[in-house]
Each structure stands twice: as C-alpha cells, then as structure tokens.
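In this chain, numbering begins with 1 at the start of the sequence shown. If you're wondering where the values come from, they're calculated on a predicted model, not measured in any experiment.
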Amino acid sequence: QVQLVESGGGLVQAGGSLRLSCAASGRTFSSYTMGWFRQAPGKEREFVAAIRWSGGSTYYADSVKGRFTISRHNAKNTVYLQMNSLKPEDTAVYYCAANTHGIVVLTTIPAGYDYWGQGTQVTVSS
C-alpha cells in the first residue's frame with residue numbers, strides 16, 4: 001500500500017508560480033514512476049508531467065513544456081512540480097500518482113498508475 005499526500009495548491013495570478021509537493025509513504029520501490037495529472041470541471045483527467053525514481057527521466061505534456069518542471073527528492077520520497085508562467089487554462093485539480101512499472105507508453109495515461117493522491121486545487125486568475 002502506498003499513500004500519496006499532496007500540498008502546495010492555491011490561488012495565483014496569471015504569470016505567477018506555484019510549487020506542488022507529493023510525499024509518498026508506505027511501501028515504495030525503486031522502479032516507481034511519479035506523475036502529475038490535472039482535471040478541470042467537465043474535462044477528462046490529463047497528463048501533466050512524470051519522473052522516474054531511478055535515472056530521473058522526465059516527461060511533459062506539450063501544454064506545459066518550458067513552464068513546468070518536475071523533480072524528485074529520493075530520500076524524502078517526494079516529487080515536486082514547479083509551475084511557472086501560469087495561465088488561466090492551468091486551473092484544475094492537480095493529482096499526484098505513482099506506478100511500479102517502467103513502460104513508457106503507460107506513463108502519460110491515468111490507467112497506467114496504481115496510486116493516487118487526493119488532489120489539490122490550483123486556480124489561476126487573469
């Protein structure tokens with residue numbers, strides 16, 4: 001069992017920044033991939049970014065490339081999402097997720113993840 005606890009959401013103006021954190025507890029494995037997804041009202045959950053615990057390979061949605069950065073602190077079992085140059089269209093509930101596979105094709109879809117956090121609201125005002 002793995003528990004994921006998210007923090008760092010809030011309200012910011014367009015152009016501002018936020019850093020989201022996701023702390024994992026319970027049984028963790030070196031093969032874990034940590035990802036961030038977001039979901040706006042009436043829309044499907046969409047991939048934002050992901051990182052491998054081992055090696056640190058990263059993946060980003062085209063919509064956030066150059067603005068968001070995912071990183072990890074292995075000793076703390078924590079992953080971060082630094083969000084810069086925020087836009088109103090970034091407004092959504094952001095979810096942290098984890099899986100135990102290294103299948104690249106499954107990294108960017110919700111079905112590829114086994115564990116999910118509770119979500120944290122990010123609101124960007126214009």
Side-chain angles (χ1 to χ4, degrees):
Q1 183 76 292
V2 175
Q3 293 82 44
L4 304 176
V5 179
E6 298 150 295
S7 61
L11 173 65
V12 297
Q13 291 183 313
S17 299
L18 282 174
R19 189 180 76 159
L20 306 183
S21 299
C22 176
S25 62
R27 183 170 295 179
T28 58
F29 303 91
S30 61
S31 61
Y32 268 29
T33 299
M34 301 291 291
W36 288 97
F37 291 77
R38 65 188 183 186
Q39 188 167 23
K43 298 183 66 176
E44 294 184 346
R45 191 167 298 185
E46 67 173 347
F47 170 76
V48 177
I51 189 168
R52 302 280 181 84
W53 284 118
S54 298
S57 298
T58 58
Y59 309 86
Y60 294 95
D62 289 342
S63 60
V64 305
K65 286 181 180 177
R67 299 189 299 121
F68 291 9
T69 302
I70 189 169
S71 61
R72 55 174 164 79
H73 193 309
N74 285 351
K76 296 182 178 180
N77 287 327
T78 300
V79 65
Y80 306 94
L81 184 68
Q82 179 66 45
M83 304 185 294
N84 298 326
S85 301
L86 284 162
K87 305 174 181 179
E89 51 262 45
D90 294 318
T91 295
V93 176
Y94 283 70
Y95 297 91
C96 177
N99 65 33
T100 57
H101 66 77
I103 304 173
V104 175
V105 72
L106 299 180
T107 300
T108 61
I109 61 174
Y113 289 79
D114 304 304
Y115 307 100
W116 293 85
Q118 78 285 353
T120 185
Q121 177 71 48
V122 172
T123 302
V124 184
S125 62
S126 59

Write down the atom of [X], the atom of [Y], and the distance for their closest heavy-atom approach.
{"X": "A92", "Y": "A40", "answer": "CB-N, 3.9 Å"}
{"X": "W53", "Y": "N77", "answer": "CH2-C, 3.6 Å"}
{"X": "P110", "Y": "W116", "answer": "O-CZ2, 3.4 Å"}
{"X": "S21", "Y": "W36", "answer": "O-CH2, 3.8 Å"}
{"X": "L4", "Y": "A24", "answer": "CD2-CB, 3.6 Å"}
{"X": "D114", "Y": "N99", "answer": "OD2-CA, 3.6 Å"}

Under a 4.5 Å side-chain heavy-atom rule over Ile, Leu, Val, Met, Phe, Trp and Tyr, are Y80 and V64 clustered together? no

So if you build clusters from Ile, Leu, Val, Met, Phe, Trp, Tyr with side-chain heavy-atom gaps below 4.5 Å, do F68 and L18 land together?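 Linked within one cluster.
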
Spacing of [atom1] belonging to [X] relative to [atom2] belonging to [Y], to within rounding of 0.5 Å:
{"X": "R19", "Y": "M83", "atom1": "CZ", "atom2": "CE", "result": "11.5 Å"}
{"X": "Y94", "Y": "E6", "atom1": "OH", "atom2": "CD", "result": "12.0 Å"}
{"X": "S71", "Y": "M34", "atom1": "OG", "atom2": "CE", "result": "11.5 Å"}

Any donor-acceptor pair under 3.5 Å from T107 side chain to I103 backbone: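 Answer holds: yes.
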
With distance as the sole test, does T91 use its side chain to make a donor-acceptor pair with the main-chain N or O of V124 at under 3.5 Å? yes

Quick one: list whatever passes side chain to side chain contact (heavy atoms under 4.5 Å, CB included) with [X], sequence neighbours left out.
{"X": "S63", "result": "R38, A61"}
{"X": "A49", "result": "Y60, I70, L81"}
{"X": "V93", "result": "Y95, Q121"}

Could you give all pairs that pass the salt bridge (Lys or Arg N to Asp or Glu O under 4.0 Å) test and reach residues 66-79, with sequence neighbours left out? R67-D90

Check T120, V79, L20, V5 against C96 for a side-chain contact (heavy atoms from CB on, under 4.5 Å) and give me the one that passes.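 With C96 as partner, T120, V79, L20, V5 yield a single side-chain contact (heavy atoms from CB on, under 4.5 Å), made by V79.
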
Any side chain to side chain donor-acceptor pair (under 3.5 Å) involving residues 9-18? Give me the pairs, sequence neighbours left out, ordered by first then second residue.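 Listed once each, the pairs are S17-N84.
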
Might you work through the side-chain contact (heavy atoms from CB on, under 4.5 Å) test for V2 and Y32, ending with a clear yes or no? CA-CA 11 Å; V2 175; Y32 268 29; 2.8 Å; yes

Listed once per pair and sorted, the disulfide (SG to SG under 2.5 Å) pairs that draw on residues 97-126, sequence neighbours left out: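 Not a single pair qualifies under disulfide (SG to SG under 2.5 Å).
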
Could you tell me whether F37 and Y113 have their ring centroids closer than 6.0 angstrom?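 Yes, the ring centres sit under 6.0 Å apart.
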
